[in-house]
Every structure is written in C-alpha cells, then in structure tokens.
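First up is the structure itself, then whatever we jot down about it.
Letters A, B, ... are given to chains in the order of the sequence lines, protein chains preceding strands, and every chain is numbered from 1. The basis for the numbers below is simple: all heavy atoms, side chains too, and nothing from hydrogens, waters or symmetry mates.
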Protein chains: 2
Amino acid sequence: MSIGIKDVARVAAVSPATVSRVLAGRAVDPAMRERVVAAVRETGYRPNLAARRLRSRHTNTIGLIVADIRNPFFTAVARMVEGIAYERGLRVIFSNTDEDAAKEAMYLHLMQEERVTGVILAPTRHGVDNIAQYQSDFPIVLIDRAAPDGACDSVVLDNGAMAAKLVAHLHERGHTRITGLFGTATVTGNERRTGYERAMAALGLPAHAVLVPHERAEAERIVTELLADASRRPGALIVSNGVMLLSVLRAIDALGLSIPRDIAVTSFDNEPWMEFVGGGLSVIEQPVEEIGRVAVTMLLDRLDHADQVTRRVVLAGRFLARGSGG
Amino acid sequence: MSIGIKDVARVAAVSPATVSRVLAGRAVDPAMRERVVAAVRETGYRPNLAARRLRSRHTNTIGLIVADIRNPFFTAVARMVEGIAYERGLRVIFSNTDEDAAKEAMYLHLMQEERVTGVILAPTRHGVDNIAQYQSDFPIVLIDRAAPDGACDSVVLDNGAMAAKLVAHLHERGHTRITGLFGTATVTGNERRTGYERAMAALGLPAHAVLVPHERAEAERIVTELLADASRRPGALIVSNGVMLLSVLRAIDALGLSIPRDIAVTSFDNEPWMEFVGGGLSVIEQPVEEIGRVAVTMLLDRLDHADQVTRRVVLAGRFLARGSGG
DNA sequence: AAAATACGAGAGAACGTTTTCTCTAGCCTA
DNA sequence: TAGGCTAGAGAAAACGTTCTCTCGTATTTT
C-alpha cells in the first residue's frame with residue numbers, strides 16, 4: 001500500500017486539494033504550504049503520474065521515433081532532444097523502428113495510446129505517406145526526412161547543397177570519375193542523389209548514382225562488386241550516410257584497397273573515429289544539436305498555434321576537409 | 001473529446017466490462033467478441049494507457065538508466081533490452097545520466113513516480129551506494145557495474161579475466177612494457193585494473209596502471225603526456241573502454257605515431273569501425289545481446305521471487321585478435 | 001432427473017489524482 | 001457601515017479504465 005495524496009493531506013491536516021495546489025505551485029497560504037511540504041517530506045510521498053495524467057488530461061510527454069538507433073546521427077539527436085525536453089519539464093518516450101514501416105506504425109499507435117503531447121519522427125519512406133492519420137491526435141515534427149508535400153513541420157539538412165559540396169571538393173582534388181552511393185529507403189537519400197547529379201551535370205561530368213539497400217550484407221556485396229574491377233573502378237566515392245560508410249569501408253578493406261591511394265572517399269555524417277580512417281575521412285557534419293533544438297521548439301510552437309501553416313527548416317551542414325579526398 | 005471504452009460498448013451493445021475483457025483477451029462469447037472487435041475498428045478506439053495503469057495497478061514498464069549514451073556499448077545494450085522487453089509486452093523508459101549522480105537520483109525518483117515494474121541500471125560510482133533506498137519500490141538489476149556487497153542482482157563482464165586475456169595476448173606478441181589505462185569513475189574500471197595487475201604480476205612484469213578521468217580533453221592530455229617521451233613510452237596499451245580509446249587514438253594521431261609500428265593498442269568494447277584502424281584493433285567484445293537478455297530475464301524473475309537471494313551473473317567476453325597487438 | 005458446478009455478462013466500485021463548485025472570511029469601495 | 005468582490009480552502013465530481021460481486025444460464029455429476 002503506497003502513500004497517496006490523502007495520506008499527505010491527513011498528516012498536514014489539510015484537504016487533498018490543497019496538497020495538490022501546493023505541488024502544482026499555486027496560491028496557498030504560506031503556513032499551510034509549509035505544513036504540506038513538511039508532510040510530503042515526512043511521508044516520502046511520490047505522486048502517481050498515471051493518476052495525474054489521467055485526471056489532468058495532459059501527459060507532458062513527447063514521443064521520439066527514430067529509424068535506426070545504430071546510426072550515431074540519431075543517437076546524437078536523441079540525446080539533444082531528451083536534454084532539451086527535460087529542461088522544459090517534458091518526458092520523452094523513445095523508440096526505434098529499424099527502418100521497418102510496420103514497427104513505425106505500431107509505435108505511432110502506441111503514442112496515441114500514451115496520449116503524447118507531440119511526436120518527433122524520422123519517418124521510413126513508407127511512413128511519410130501515412131502520417132496524416134496521426135496528425136489529428138498530436139502534432140508531428142519530421143526530422144532528417146521531410147514530407148514531400150509539406151504536410152508536416154520538418155527540420156532537415158540541406159541535402160542537395162551538401163552533396164554538391166562533396167562533389168566540388170572531389171573535383172577540386174582532380175577527380176572526375178565520382179560515383180555516388182545512396183540509400184533506397186529514404187527521401188533523404190533521394191535528395192542527396194539529386195544534389196549529386198545536378199552538381200556533376202553542372203561540371204559537365206557524367207553522374208553515376210548507385211542505389212544501396214539498407215541491409216548490411218547486401219550493401220557490402222553491391223559495393224564490392226562496384227569496386228572489384230580495377231579498370232572500371234571509380235576514382236572517388238560519395239557515401240550517403242555513416243552506416244552505409246561502414247559497408248563501403250569493409251568492401252574496400254576486403255579488396256585490399258587503400259584510401260585515398262586507390263580510391264577517394266567522402267561521406268555524410270561525422271563521428272569521432274572518422275579522423276583515424278583513410279588518412280582522416282572528409283565528411284559533412286550535421287548540426288545535430290541544432291536539429292534537436294529546432295525540432296523541440298517547433299513542436300512546442302505548434303502546440304500553441306495549431307493552425308499555423310507548416311514550416312520546413314533547412315539547416316546547413318559543415319564540411320570537414322580531411323585527407324580522404326585524395 | 002476522444003473515444004472511450006464506453007463508446008465502444010454502446011456501439012457493440014455490450015457492457016464496458018465486456019469490451020475490457022475482449023481487449024485483455026479473456027473468455028468472452030465469440031459472437032460478442034466479434035461485435036466488440038468490429039466496434040473497436042469502427043470507432044478507431046485507442047485505450048488510454050494512463051487510465052489502464054492507474055486502475056490495474058501495474059504499468060508493464062521497466063526503466064533503463066545508462067551512464068553514457070555516447071558509449072556504443074550502452075547503445076547496443078539499450079537496443080537489446082528494448083527489443084526483448086517489447087517482445088514480452090513491456091514498455092521501456094529510457095534515460096541517460098551522463099555519469100552524473102544527481103541526474104541518476106532524479107531519474108530514479110522519476111521511476112518511482114512512474115511506478116515502474118523494475119529498473120535496469122548502469123550506476124555511477126556514487127549511485128552504487130544509494131540504490132538500497134529504491135529497492136523497496138521496485139527491483140533493480142545492475143548492468144556493467146555491480147554493487148560491491150551483492151546488494152543487488154547484477155550482470156557483468158568477467159572484467160578481470162578479460163583484462164588478463166589482453167595482457168596474455170600482448171605478452172605472446174613479445175611485449176613486456178604494457179601500460180593499462182583505466183577509468184576513475186567506475187567499479188568496472190577497478191576490476192579491469194586489478195585483473196591487469198594480477199596478470200602482469202603472474203608474468204613477472206611490472207604493472208603500470210594509469211587512471212584516466214571520464215572528461216575527454218583531460219583524458220587526451222594525460223595520454224599525450226604518457227606517450228610523448230619516446231624513451232619512456234610503453235610498448236603496448238590496454239584501454240578500459242571504447243570511449244577512452246578515442247582519446248587514446250587522438251593522442252597517438254596527434255603525436256604522429258602509428259599502430260602497431262610505434263605502439264600496440266588493445267581495448268575493451270568492439271565497434272564496427274575498429275577493424276579499420278591501426279591495422280584492425282584487437283579488442284574484447286562484450287556479449288551485449290546476452291547482457292540485455294539476462295538483465296531483462298533476471299528482472300522478471302525477481303518480480304516472481306522477490307525474496308530470493310541476489311544473483312550475480314558474470315559473462316565472458318570474446319577476444320578478437322586483429323593486427324593492433326603488434 | 002435433480003443438484004452441483006462452471007462460465008460468462010453486467011452493474012457499480014475503485015484506482016489516485018486534479019478540477020470544479022461552493023462557501024467563508026477578509027478587503028475594498030461607495 | 002453595508003454591499004460587493006476576491007482569494008483561498010474544502011467537498012465532491014470527474015478522468016477512463018479494470019476489478020469485484022452478483023446473477024443467470026448452461027453443463028456436468030451423481
């Protein structure tokens with residue numbers, strides 16, 4: 001039998017309502033307040049959040065659903081979101097879809113049942129089209145991957161421009177046979193591919209985009225095939241994200257190739273270890289803390305102004321030139 | 001105004017209790033069950049979890065508190081715990097203390113208010129001594145770091161033996177001047193240091209253990225200092241975890257040294273990128289999936305048998321010999 | 001065939017809070 | 001000084017479920 005607000009009220013010789021008011025920081029006679037505070041301490045009372053949420057009809061909870069927790073980009077964003085949310089008195093329910101649309105749908109349903117205040121979501125490709133049905137229950141802010149028709153607030157990287165930056169960097173280093181590797185599963189991959197193709201075209205170079213599935217073994221197989229034949233091997237690679245990069249590195253290693261001697265490699269996403277591989281990998285660093293902060297802010301904003309038009313915040317990344325560009 | 005169980009009951013022409021029974025999968029007349037299922041679908045009903053938890057008095061929720069989400073070991077464990085928990089119909093509340101005892105205490109209080117079923121915790125050094133006060137509210141299973149007096153169920157790596165394995169490996173490769181780098185903040189670091197010192201003593205070699213703080217810049221400074229002077233430089237390093245390893249690599253890189261030519265490096269924790277650095281880093285891989293599974297299992301076990309004696313499960317790691325041992 | 005038993009359904013209480021409503025006392029204004 | 005107003009406290013309803021209790025019907029047992 002745990003201690004309830006009534007027990008505290010009895011000890012403090014006040015009504016439960018008064019205890020509730022003290023806990024909520026509302027106007028209460030100072031003497032009474034003190035009695036209540038003392039009683040809370042004495043009894044070791046802990047409010048029951050389930051009861052509080054049920055009665056007050058707000059959960060002060062936001063959902064965070066990411067597509068792949070193994071991707072350190074999402075880990076970093078999650079860390080930021082959680083920190084900011086807690087600062088503002090919001091709890092975070094965290095979940096991971098593993099790029100699986102069914103899991104995504106399940107977690108969105110769960111968010112409905114939790115009656116969350118709002119959701120920050122990195123949607124799967126399939127999920128993007130189906131978020132509309134949840135919008136009526138809570139606002140959603142998309143991160144990393146935006147809804148194509150602006151159906152949703154979103155905060156994304158300027159993928160096209162960043163891809164172009166990688167192309168420019170490799171071109172400056174004298175590369176012309178630049179191949180791009182992009183994911184099949186996300187709009188982000190698409191945007192990066194488009195940016196790559198435009199930039200290549202602008203330089204009068206032939207673009208060669210390869211679509212790489214999310215699944216690891218398959219990804220490695222495709223990359224190995226691409227690089228196996230020395231005569232047809234590209235001079236430089238642009239890799240769409242940090243997870244895919246690992247498959248690329250594994251293939252390069254297995255073929256006994258060396259970066260940047262045999263092939264130049266650049267990528268999206270920055271991680272601590274990347275300075276130690278291939279003479280230091282030249283990469284696009286995403287502004288993860290900014291993404292987290294903007295996402296939470298937009299979500300809270302949307303709660304206050306439900307019928308404001310949707311916004312799409314596009315953030316620039318930072319190009320880190322290290323040695324792997326050749 | 002959202003749809004409640006009474007609305008579903010009205011549509012299905014049954015009592016709310018019956019709807020509840022159908023949802024809980026209890027015995028109900030098939031015809032009625034069908035009516036209820038249809039009504040749920042028709043109304044788009046989503047149960048309110050706050051109400052359910054309040055009334056049923058169990059939350060089906062476990063708390064997972066880790067010390068450092070940037071450490072991929074914890075990310076991996078978290079992923080496993082979440083997966084297993086969801087399989088068993090448990091929700092996971094995830095939080096991260098950043099090795100901060102105050103944050104740890106706050107989150108443990110939060111777990112009380114959430115009325116969680118149990119908690120899986122990677123405690124800070126300070127936290128280990130204070131968990132007793134929470135044990136009365138919910139069982140706790142410690143991971144990675146055990147309570148010294150067996151006050152708690154725990155699942156840990158066989159740190160001593162694994163450290164000895166690294167020593168043996170380096171010794172086989174001809175190293176005698178082997179320095180160990182260990183964290184100051186955790187009992188885990190202590191155990192690894194002890195294992196290292198014993199193994200060195202057994203081989204008749206002088207042990208040289210260096211304590212490295214968790215804070216990154218400071219860690220890097222200390223390691224740089226250790227390696228700067230070529231004449232006093234150790235021939236091989238044993239690093240206590242993957243986060244510290246990054247500081248070590250940075251220092252080695254900054255000094256222009258090469259692994260394993262100038263210095264051999266071995267470490268605890270395995271991550272995908274480690275095969276590409278220093279000719280492939282030789283490391284101890286922790287059985288993360290096993291740790292997650294055992295932790296959840298022990299927690300559920302403890303719920304059934306509250307007064308069973310505490311258990312301490314010690315798991316072996318796997319040594320991955322790659323090139324960095326020299 | 002009668003009695004005992006088991007099963008399933010509904011009514012209503014209960015979970016632990018916050019909120020609404022009512023009331024009193026004190027204060028300000030006219 | 002009387003009347004209206006305001007602030008703060010308590011009583012009781014309400015949040016949306018599940019659980020307990022009761023009762024009727026169907027099934028088994030003797």
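Rounded to an integer number of Å, the gap from A/Arg21 CZ to D/dA9 P is 7 Å. Rounded to whole Å, atom P of C/dC7 lies 16 Å from atom CZ of B/Arg33. Per the geometry, CD belonging to A/Glu114 stands 16 Å off P belonging to D/dG16, to the nearest Å. In this structure, CE of B/Met32 is placed 18 Å from P of C/dC7, rounded to the nearest angstrom. Between A/His58 atom NE2 and D/dA14 atom P the separation is 19 Å, expressed in whole Å. Here the P atom of nucleotide D/dG16 and the CD1 atom of B/Ile3 are 12 Å apart, to the nearest Å. Taking atom CG of residue A/Leu23 and atom C1' of nucleotide C/dT19, one finds them 15 Å apart after rounding to whole Å. In this structure, the CD1 atom of A/Ile5 is 11 Å from the P atom of C/dT19, given to the nearest Å.
For the pair A/Ser20 and C/dT17, the criterion of a side-chain N or O lying under 4.0 Å from OP1 or OP2 is not met. For A/Arg26 and C/dT19, the shortest distance from a side-chain N or O to OP1 or OP2 is below 4.0 Å.
A/Thr61 and A/Arg91 are linked by a side-chain donor-acceptor pair at a separation below 3.5 angstrom, with hydrogens and angles left out of the test.
Residues A/Asp98 and B/Arg79 are paired through a salt bridge, judged by an N-O separation under 4.0 Å between the basic side chain and the carboxylate. Taking a cutoff of 4.0 Å between a charged side-chain nitrogen and a carboxylate oxygen, B/Arg46 and A/Asp137 do not qualify as a salt bridge. A salt bridge is defined here as a Lys NZ or Arg NE, NH1 or NH2 lying under 4.0 Å from an Asp or Glu carboxylate O, and B/Asp153 with B/Arg302 meets this definition.
Near-neighbour residues of DNA chain C inside residues 37-56 of chain B, defined by a heavy atom below 4.0 Å, number-ordered: B/Leu54, B/Arg55.
Put simply, the side chain of A/Asn96 gets close to the backbone of A/Ile69: a donor and an acceptor are under 3.5 Å apart. Within the 3.5 Å criterion, the main-chain N or O of B/Arg26 finds no donor-acceptor partner in the side chain of B/Arg21. Although no hydrogens or angles enter the test, the distance criterion places no donor-acceptor pair under 3.5 Å between the side chain of A/Asn130 and the main chain of A/Gly127.
Nearest nucleotide to the side chain of B/Arg57, out of C/dG16, D/dT20, D/dG10: C/dG16. With D/dG10, C/dG10, C/dT19 as the candidates, the nucleotide lying closest to the side chain of B/Thr18 is C/dG10.
At the heavy-atom level, B/Ala17 lies under 4.0 Å from base atoms of the strands shown.
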